Amino acid sequence: MTAAAHAGLHQPVLDWYADHRRDLPWRALDATPWGVFVSEIMLQQTPVARVLPVWTDWMTRWPAPADLAAAAPGDAVRHWGRLGYPRRALRLHAAATAMVASHDGAVPDDLEQLRALPGVGAYTAAAVGAFAFGIRCAVVDTNVRRVHARAVTGSAQAAPALTAAETRLAEELLPRDDADAATWNVAVMELGALVCTAGSPTCELCPISDRCAWLAAGRPAYDGPVKRAQRWAGTDRQVRGLLLQALRDADGPVQQAALDLVWSDAAQRGRCLAGLIEDGLVDPLPDRTYALPA
DNA sequence: CAGACGTGGTT
DNA sequence: TAACCAAGTCT
């Protein structure tokens, strides 16, 4: 498809976004680059509803990178709560420390420098660049990939992993105008989150249903490669979660005997505790006690 | 590059 | 109810 043909998608999506966008606090006019940065890390693989209260608490507690950098990494882990993937809290703390050390305490406004921060991959660098600084770049997340797969490619869902072709398509679809490009990125994400959802898309509410290749083809089922479902019950991930929860819920150091209660399999429990220590999420202290990192 | 890495709501 | 899903990153 040509760039001119793609351009026909822009206005309906931009108009739809103006009418249906959610008023999320990190999208407010007074949101800071730091607020955007924190939101993007928290939103990785995590629903908006669960992020909202934690983000608000973090912004009050640590309104600037230097505030978080001055705190103990364990405080970041503690106040991460039950968002999941707690290594993100540690990386956020490390990113704040890097901002203080190398960027005058500010979120860098450059894609390469953003990408170099811990916990920041291609998606997050682009998202912060676009949403906090208005940089014209393609933001490609799971929502965007799904919308593009359906509307343009005609497939029910995107491939298991991001491909070079998808990135190229996203760049081709980007509006020329800087301001339009920034809005386009968030608008397509929002469309994927609210209308063009994974499970049961509401095509009747979609602003580009009349141009959607997948809908035109009769919404054919996905026939590409599938990714294996992740197990949970009994995995190390579950045990790590239980151990860390015990440490978060305690005021200070926790006796090994208390940790022994969270999982009966001693070998697995020991392996997971060692892994948490290795990851820097737990500090081993004298007398067989453990704590969140100081 | 496939697999590890949390958590809880929805279908 | 088991499986799927949610603004990915790192190794």
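Note that the coordinates shown come from a computational prediction; the quantities given were computed from them, not determined experimentally. In what follows, chains carry the letters A, B, and so on, assigned in the order in which the sequence lines appear, proteins first and then strands, with residues in each chain numbered from 1.
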Just say parallel, tilted or perpendicular for the rings of A/W55 and A/W26, cut-offs at 30° and 60°. perpendicular

When rounded to the nearest 0.5 angstrom, what distance separates CG in A/D279 from CZ in A/R240? 4.5 Å

Between C/dA7 and B/dT11, how many Å separate the two P atoms, rounded to a whole number? 14 Å

Who else is in A/V282's hydrophobic cluster (ILVMFWY, side-chain heavy atoms under 4.5 Å, direct or via others)? A/V77, A/L90, A/V239, A/L242, A/L243, A/L244, A/L247, A/V254, A/L259, A/V262, A/W263, A/L273, A/L276, A/I277, A/L281, A/Y290, A/L292

Name all residues meeting the side chain to side chain donor-acceptor pair (under 3.5 Å) criterion together with A/D260; count only those two or more places apart in sequence or in a different chain, and write none if there are none. A/R269

Classify the nucleic acid contact of A/T142 as base, sugar-phosphate or nothing, counting any heavy atom under 4.0 Å across all strands shown. sugar-phosphate

Any N or O donor-acceptor pair under 3.5 Å from the base of C/dG8 to the side chain of A/T46? no

Base, sugar-phosphate, or nothing for A/R248, non-hydrogen atoms under 4.0 angstrom? sugar-phosphate

Heavy atoms only, 4.0 Å cut-off, all strands: where does A/A229 land among base, sugar-phosphate and nothing? sugar-phosphate

Measuring to OP1 and OP2 of C/dA7, would you say a side-chain N or O of A/R50 lies under 4.0 angstrom away? no

So which protein nitrogen or oxygen atoms get under 3.5 Å of nucleotides 9-11 of chain C's nitrogens or oxygens?
from: C/dT9; atom 1: OP1; to: A/G121; atom 2: N; distance (Å): 2.7
from: C/dT9; atom 1: OP1; to: A/T124; atom 2: N; distance (Å): 3.0
from: C/dT9; atom 1: OP1; to: A/T124; atom 2: OG1; distance (Å): 2.7
from: C/dT9; atom 1: OP2; to: A/Y123; atom 2: N; distance (Å): 3.4
from: C/dC10; atom 1: OP1; to: A/G119; atom 2: N; distance (Å): 2.8

Is a donor on one side and an acceptor on the other found under 3.5 Å between the side chain of A/R136 and the backbone of A/P175? yes

Options C/dG8, B/dC5, B/dG6, nucleotide nearest the side-chain atoms of A/D236: B/dC5

A/L83 near the nucleic acid: base, sugar-phosphate alone, or nothing, with a heavy-atom cut-off under 4.0 Å? base

Taking the side chain of A/R82 as its heavy atoms from C-beta onward, which of B/dG6, C/dA7, B/dT7 lies nearest to it? B/dT7

Using the P atom in both, what is the distance from C/dC4 to B/dG3, to the nearest Å? 15 Å

When we call it a touch if two heavy atoms are under 4.0 Å apart, what does A/W26 touch: a base, just sugar-phosphate, or nothing? base

If I pick the P atom on C/dT9 and the same atom on B/dG8, what distance separates them, to the nearest angstrom? 23 Å

Do A/R237 and A/Q230 pair up side chain to side chain, a donor and an acceptor below 3.5 Å, judged on atom types alone? yes

A/Q238 near the nucleic acid: base, sugar-phosphate alone, or nothing, with a heavy-atom cut-off under 4.0 Å? nothing

Is the distance from OP1 or OP2 of B/dT7 to the nearest side-chain N or O of A/R87 less than 4.0 Å? no

A/W62-A/W34 aromatic ring centre distance below 6.0 Å: no

